[in-house]
Amino acid sequence: MNFIKNYQFSLVRKSQKIVLYLFLIVLMLGLFEALILSPEDYLQGDSVRIMYVHVPSAWISLGIFSLMATLSIMVIIFKNKVFFLIAKSLAPSGFVFSLVALVTGSIWGKPTWGTWWAWDARITSMLILCIFYLMYLLAWRIFENKDYVTKITSFIAILGFINIPIIKFSVDWWSTLHQPSSVNIFSKTTIHTTMLIPLGIMTAAFALFSLLIFLMKYNTELIKIKNKGLDRL
Amino acid sequence: MYNKKVKLRALFLFLSIATLILTIFLVLKALEENVVYFLSPTEIKNLNETTTEKIRLGGMVKDQSIKINSDKINFIITDFKNEINVTYSGIVPNLFQEGKGVVAEGILRDKNYFKAEKILAKHDENYIPPEVKASLGEK
């Protein structure tokens, strides 16, 4: 048992360095593509480049929340403590990316739409996601009892999960100021390939960043448990 | 197999999620009028009575309909079924163009005449480099 835990420790710590270097390389490549190589848009000009930060952040924040919610379902059903620790460690980077998506969206909205903020379905539901992240993180500070906080945070994640499809399909269900999605699996993608490449690379870079923050946070959690002298989670 | 407690917890979770989804669905369905950001010209024509409150009208700016006289801009918002004349004085966003999406916020004077107080540009999901757009236009 001890051997496995030490092994897990060194694995988490070593992989951090690899992920960090990989992240830096992919980020540089992505920024070079997004800021220099990719063309401007015929209508929006250079302001289209905000997309290369805005869209990946939104994707990652939605993805992380979905992952957290799935893990939380497992936690509630099977009382799995490792999944719980993983979900907890994922939350900070998801929260940051949801904030980044909102802020860059606002910065992008001013020159294109002519407003910083609109209470349309997409933007409002994204704000709700951000608040769910905040509630999840705050619950950790508020509740001391470990069993209680496990349940509360898991329910917050599961409750917020219902919001995810609302965010995704809000632009199709209702009339919104936000444009419909451009990258589609089942229908035609409406972004030109030269713009799709930097978008893909930036998404990979942000995913690696999330992984890095996750590993650091997970490592901290493991150390906390070790310091408490508990031989199991 | 899993013990009884696990099965019960799974069932409990499933039922609570199903209830929640149903509740949220019904709430959103009931509030649909308020969730939409703007109304199309057709939806405005179908209104039973015109309100004097601020509303938002959205659609396409009709081709060759923008007319600028001194401090006023007049144009037509269309959804290719119905049209509404819009008048506005002020600065329009850069992306405000003929044949592109627009959302106007203001007061409906009657079903054919809208006095806008704020103009927002609504752009579509297409992202194309200028050279590619030019070659597409030539076709």
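Sequence lines set the chain letters: A, B, ... in the order given, protein chains first and strands last, and positions in each chain run from 1.
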| Are any of the side-chain heavy atoms of B/Leu20 and A/Ile158 separated by less than 4.5 Å? | no
| said: Which atoms of B/Ile119 are under 4.5 Å from chain A, going by heavy atoms: the side chain, the backbone, both sets, or neither? | reply: backbone
| Residue B/Leu15 excluded, over 12 heavy atoms near CG under 6.0 Å | yes
| message | Are more than 12 heavy atoms, taken from residues, nucleotides or ligands other than A/Phe83, located less than 6.0 Å from that residue's CZ atom? | response | no
| query | Taking side chain as C-beta onward, heavy atoms only, is B/Val132 less than 4.5 Å from A/Thr194? | reply | no
| message | If you count every heavy atom of other residues, nucleotides or ligands that lies below 6.0 Å from B/Phe25 atom CZ, does the total exceed 12? | response | no
| If you take all heavy atoms of B/Pro93 and A/Thr112, which pair is closest and at what distance? | CB-O, 4.1 Å
| message | Taking every non-hydrogen pair under 4.5 Å, which of B/Lys100, B/His123, B/Lys5, B/Arg56 racks up the most with chain A? | response | B/His123
| said: Need one label for A/Ser181: side chain, backbone, both or neither, based on atoms under 4.5 Å from any heavy atom in chain B. | reply: backbone
| Side chain, backbone, both or neither: which part of B/Leu120 has a heavy atom under 4.5 Å from chain A? | both
| task | Look at the side chain of B/Arg9 and the backbone N and O of A/Ile76, then say whether any donor-acceptor pair between them is shorter than 3.5 Å. | result | yes
| field | N/O donor-acceptor pair under 3.5 Å between A/Ser175 side chain and B/Val36 backbone | value | no
| field | A/Phe214 atom CZ: more than 12 heavy-atom contacts under 6.0 Å | value | yes
| field | CA sep, side-chain torsions, deciding dist, call: B/Asp124, A/Thr190, side-chain contact (heavy atoms from CB on, under 4.5 Å) | value | CA-CA 10 Å; B/Asp124 57 21; A/Thr190 54; over 6 Å; no
| task | Taking the side chain as every heavy atom from C-beta outward, state whether B/Tyr127 and A/Gln44 have any atom pair closer than 4.5 Å. | result | yes
| request: Output yes when a side-chain donor or acceptor of B/Lys122 lies under 3.5 Å from a complementary backbone atom of A/Thr176, and no otherwise. | output: yes
| said: Under 4.5 Å from any heavy atom of chain B, what part of A/Leu43 do you find: side chain, backbone, both or neither? | reply: both
| request: Step through the shown structure and confirm whether more than 12 heavy atoms of other residues, nucleotides or ligands are within 6.0 Å of NZ on A/Lys151. | output: no
| task | Sort B/Leu13 into side chain, backbone, both or neither according to what part of it lies under 4.5 angstrom from a heavy atom of chain A. | result | side chain
| task | Sort A/Pro165 into side chain, backbone, both or neither according to what part of it lies under 4.5 angstrom from a heavy atom of chain B. | result | neither
| query | Does any heavy atom of chain B fall under 4.5 Å from the side chain of A/Leu196, the backbone, both, or neither of them? | reply | neither
| request: Check whether A/Ile162 gets within reach of chain B through its side chain, its backbone, both or neither, counting any heavy atom under 4.5 Å. | output: side chain
| query | Does atom NZ of B/Lys54 have more than 12 heavy-atom neighbours, drawn from other residues, nucleotides or ligands, at distances under 6.0 Å? | reply | no
| Which pair of non-hydrogen atoms, one from A/Thr115 and one from B/Lys118, has the smallest distance, and what is that distance? | OG1-NZ, 4.3 Å
| Close side-chain approach of A/Val171 and B/Glu125, heavy atoms under 4.5 Å | no
| note | Assert top hit (heavy-atom pairs under 4.5 Å, partner chain B, pool A/Trp174, A/Phe161, A/Tyr42) equals A/Tyr42
| field | Whether B/Phe12 and A/Phe155 hold their rings parallel, tilted or perpendicular, with breakpoints at 30° and 60° | value | perpendicular
| said: Nearest 0.5 angstrom please: A/Met195 CE to B/Ile128 CD1, how far? | reply: 8.0 Å
